[in-house]
Amino acid sequence: MAAPRDGLEAVEAEGSAGLQGTSGIEVVLPLGPAVSAPLCPHGPTLLFVKVTQGKEETRRFYACSACRDRKDCNFFQWEDEKLSGARLAAREAHNRRCQPPLSRRQCVERYLKFIELPLTQRKFCQRCQQLLLPDDWGQHSEHQVLGDVSVTQLRKPSQLLYPLENKKTNAQYLFADRSCQFLVDLLSTLEFRRVLCVGTPRLHELIRLTASADKNSNIKSLLLDIDFRYSQFYMEDSFCHYNMFNHHFFDGKTALEVCRAFLQEDKGEGVIMVTDPPFGGLVEPLAITFKKLIAMWKEGQSQDDRDKELPIFWIFPYFFESRICQFFPSLRMLDYQVDYDNHALYKHGKTGRKQSPVRIFTNIPLNKIILPTEEGYRFCSLCQRYVSLENQHCEHCNSCPSKDGRKWNHCFLCKKCVKPSWIHCSICNHCAVPDHSCQGPKDGCFICGELDHKRSTCPNIATSKRANKAVRKQKQRKSNKMKMETRKGQSMNLTSATRRKKRRERAHQYLCS
Ligand code: SAH
Ligand code: ZN
Ligand code: ZN
Ligand code: ZN
Ligand code: ZN
């Protein structure tokens, strides 16, 4: 519930709005040693702030870090709220009840029993998304059950399980084969021996399949994911039930140690972290989590490696570039377009829809990363990196400036390249879509209206408070009304429907302009 994070559609809009503004709810980053946040079933909650109408006053509250939908987790507590002992006890009981019915160990034991069964007795309940042992059959007799589950099927759980794409909490978008294979080939070319897969179950799976097919490859993978269903298919050393928005290991210290050992093996040599978080997720908590994983890796390093960085692939839409680079200045964006299986819009371009907006951000030198020429990439010798064919080098910008794969045009007034459909507006004094309405910030930072950051990180936060009050007031009057209604948890009423529509339109405009 913390932010408008319902799937890619809204997220496109968020990207276009710079991830903020639309809801007026922002995450508050912990300063110094964190006061311990109250716990929901998904681990420590996050502190959010609602920017309230006109006045500067704000009231902060805790909400679930992982769930964008109150139906999935309805935790809510004002920061200054004192709970009675009885309510605290009830909450603890609730948190316990919400934990998965089986421990990680029990899952592994079930799996070991399962693979001992003859093929004809290996069943999978599609309704419950669960491998069944003979004792369970009775309970699932009315359900749709798949029989003869082969070893090959067991090795591809991402195909056996249905993607949780309708669940706002998971927003599971699985890599298309081509993109997944590209990643695996790239990891092997770069000679990584261990891959920490954070929210990339299909990549994890393909790495393991590749390793078992090729005797020479000894590449290992550890999957961290909130999708508990995967614990049925992997041993404790290859899957941890994990929340990447608060670095919470559901199985406590044992699981944390699995992760630590994995990162620190060989003094941290040969390991990379690959992550593909839900795009609706807030960038800040993700960045905090990744910094914790990086720190864990660093602890295991020898002294002379102190300046090294943990290699990272962070897969995210290109319009988050400035947000990501704000937290990780060493990350650069690749032109490679990541495609997904179960997202109609984000399949390989060329035919039909526009191309995927999803990219790889990495701290590996870009000249080491070869993009496939047969898929429309070329090497730019001036930039020393592979770029999209249409991304032409601009001699004025001295770069291949396009972010979306199309040819951009240089504007001499803006002194930079802009999207092909944009024209220079003399009223706004910068380039914009032809039918934009001049004046005033629309979405984006409450203070200055820029689209690439939010109020809390606005460079003008101190200086321009008064100057921008009017603008902000106007903006907030509009958005406050909307967010109050959603906050109260009302289901799709007219206002939120309109808001959604607006968001979709903005997303559309952004991506198509
Ligand atoms: N493209 C990837 C999947 C990305 S979808 C692949 O094909 O491998 C996002 C993934 O992040 C899903 O697997 C989802 O279960 C996981 N996820 C969603 N929220 C999470 C959270 N809070 N913590 C950890 N993993 C999460
Ligand atoms: Zn929760
Ligand atoms: Zn069942
Ligand atoms: Zn240019
Ligand atoms: Zn211009």
Side-chain angles (χ1 to χ4, degrees), residues 2 5 7-8 11 40-43 46 64-69 72-73 156-159 161-165 167-177 179-181 183-184 195 197-207 221 223-230 239-250 274-282 285-286 289-290 313-316 338-343 346 356 358 360 391-402 407-419 422-433:
R5 295 189 285 180
L8 293 170
V11 165
C40 77
H42 307 92
L46 296 178
C64 181
S65 63
C67 301
R68 278 138 263 164
D69 191 333
D72 292 331
C73 182
K156 295 180 180 175
S158 82
Q159 297 183 15
L161 302 167
Y162 58 74
L164 300 172
E165 57 186 306
K167 287 273 199 90
K168 292 181 184 177
T169 304
N170 287 68
Q172 234 158 20
Y173 294 104
L174 299 168
F175 294 130
D177 288 341
S179 287
C180 208
Q181 193 62 56
L183 285 168
V184 171
V195 185
C197 285
V198 184
T200 58
R202 182 158 279 177
L203 178 66
H204 176 65
E205 184 176 303
L206 190 62
I207 292 171
S221 178
L223 173 64
L224 309 183
D225 201 289
I226 203 164
D227 187 349
F228 181 69
R229 299 173 307 167
Y230 282 100
F239 173 77
C240 300
H241 189 204
Y242 177 75
N243 180 353
M244 66 167 106
F245 289 108
N246 58 5
H247 187 55
H248 174 68
F249 287 86
F250 289 82
V274 183
T275 183
D276 186 8
F279 304 145
L282 297 160
L286 289 173
T289 289
F290 300 152
F313 284 163
W314 178 345
I315 298 165
F316 229 50
V338 180
D339 290 324
Y340 293 85
D341 239 10
N342 54 334
H343 199 291
Y346 290 5
S356 164
V358 184
I360 302 168
N391 188 2
Q392 284 177 23
H393 192 88
C394 168
E395 57 178 8
H396 310 290
C397 296
N398 195 26
S399 69
C400 290
S402 169
K407 181 183 180 302
W408 285 20
N409 301 321
H410 193 83
C411 170
F412 287 96
L413 295 166
C414 292
K415 299 195 182 64
K416 64 178 183 188
C417 281
V418 297
K419 290 186 170 192
W422 288 20
I423 51 163
H424 193 86
C425 170
S426 54
I427 299 169
C428 298
N429 216 4
H430 57 73
C431 284
V433 282

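Not measured: the values here are computed from a predicted model. Atoms within a ligand are numbered from 1 in the order they appear, just like the ligands themselves. Quick note: numbers below take in every heavy atom, side chains included, and nothing from hydrogens, waters or symmetry partners.
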> At a non-hydrogen distance cut-off of under 4.0 Å, which region of Y173 contacts ligand 1 (side chain, backbone, both, or neither)?
Replying inline: backbone
>> Looking only at N, O or S atoms in H410, which is nearest to the Zn ion (ligand 4)?
In response: ND1
>> Please identify which of these residues, L282, L46, T289, meets the side chain to side chain contact (heavy atoms under 4.5 Å, CB included) condition with S65.
In response: L46
>> For a distance under 2.8 Å, tell me if C411 has an N/O/S atom near the Zn ion (ligand 4).
In response: no
>> Using the Zn ion (ligand 5) as the vertex, how large is the angle between ND1 of H424 and SG of C414, rounded to 10 degrees?
In response: 110°
> Relative to atom 20 (C) of ligand 1, which among I226, D339, D227 owns the nearest non-hydrogen atom?
Replying inline: I226
> Hey, is the Zn ion (ligand 4) within less than 2.8 Å of some N/O/S atom on C397?
Replying inline: yes
> Is there a donor-acceptor pair under 3.5 Å between the side chain of S179 and the backbone N or O of D339?
Replying inline: yes
> Below 4.5 Å, heavy atoms only, C-beta onward: do P401 and N391 meet side chain to side chain?
Replying inline: yes
> Out of I360, I315, I207, which one pairs with V274 under the side chain to side chain contact (heavy atoms under 4.5 Å, CB included) rule?
Replying inline: I315
> What about D276: any of its N or O atoms under 3.5 Å from an N or O on ligand 1?
Replying inline: yes
>> For W408, is there any backbone N or O sitting under 3.5 Å from a side-chain donor or acceptor partner on S402?
In response: no
>> Suppose I only count heavy atoms of M244 and a 4.0 Å limit; which atoms of ligand 1 are within that range?
In response: 11 (O), 21 (C), 22 (N), 23 (N), 24 (C), 25 (N), 26 (C)
> Between the side chain of T275 and the main-chain N/O of V198, is any donor-acceptor distance below 3.5 Å?
Replying inline: yes
>> Using a 4.0 Å cutoff against the non-hydrogen atoms of A66, which atoms of ligand 1 qualify?
In response: 22 (N)
>> Check whether N243 reaches the backbone of H42 with its side chain - one donor and one acceptor, N or O, closer than 3.5 Å.
In response: yes
>> So if I count the atoms of ligand 1 from 1 in the order they appear, which ones are less than 4.0 Å from some heavy atom of Y242?
In response: 23 (N), 24 (C)
> Closest approach of G199 and M244, non-hydrogen atoms and distance?
Replying inline: CA-CE, 3.9 Å
>> Can you confirm, on distance only, whether ligand 1 has an N/O atom lying under 3.5 Å from any N/O atom belonging to P201?
In response: yes
> Just by modelled atom types, is the L174 backbone N or O under 3.5 Å from a matching donor or acceptor in the D341 side chain?
Replying inline: no
> Atoms of ligand 1 less than 4.0 Å from F245 heavy atoms?
Replying inline: 22 (N)
>> With heavy-atom distances below 4.0 Å as the criterion, list the atoms of ligand 1 near L203.
In response: 8 (O)
> Are the side chain of R229 and the backbone of P157 linked by a donor-acceptor contact shorter than 3.5 Å?
Replying inline: no
> What atoms of ligand 1 come within less than 4.0 Å of a heavy atom belonging to G199?
Replying inline: 2 (C), 3 (C), 4 (C), 9 (C), 10 (C), 11 (O)
> Which atoms of ligand 1 are found less than 4.0 Å from any heavy atom of P278?
Replying inline: 18 (C), 19 (N)
> With atoms numbered from 1 as shown, which atoms in ligand 1 lie under 4.0 angstrom from a non-hydrogen atom of N243?
Replying inline: 21 (C), 22 (N), 23 (N)
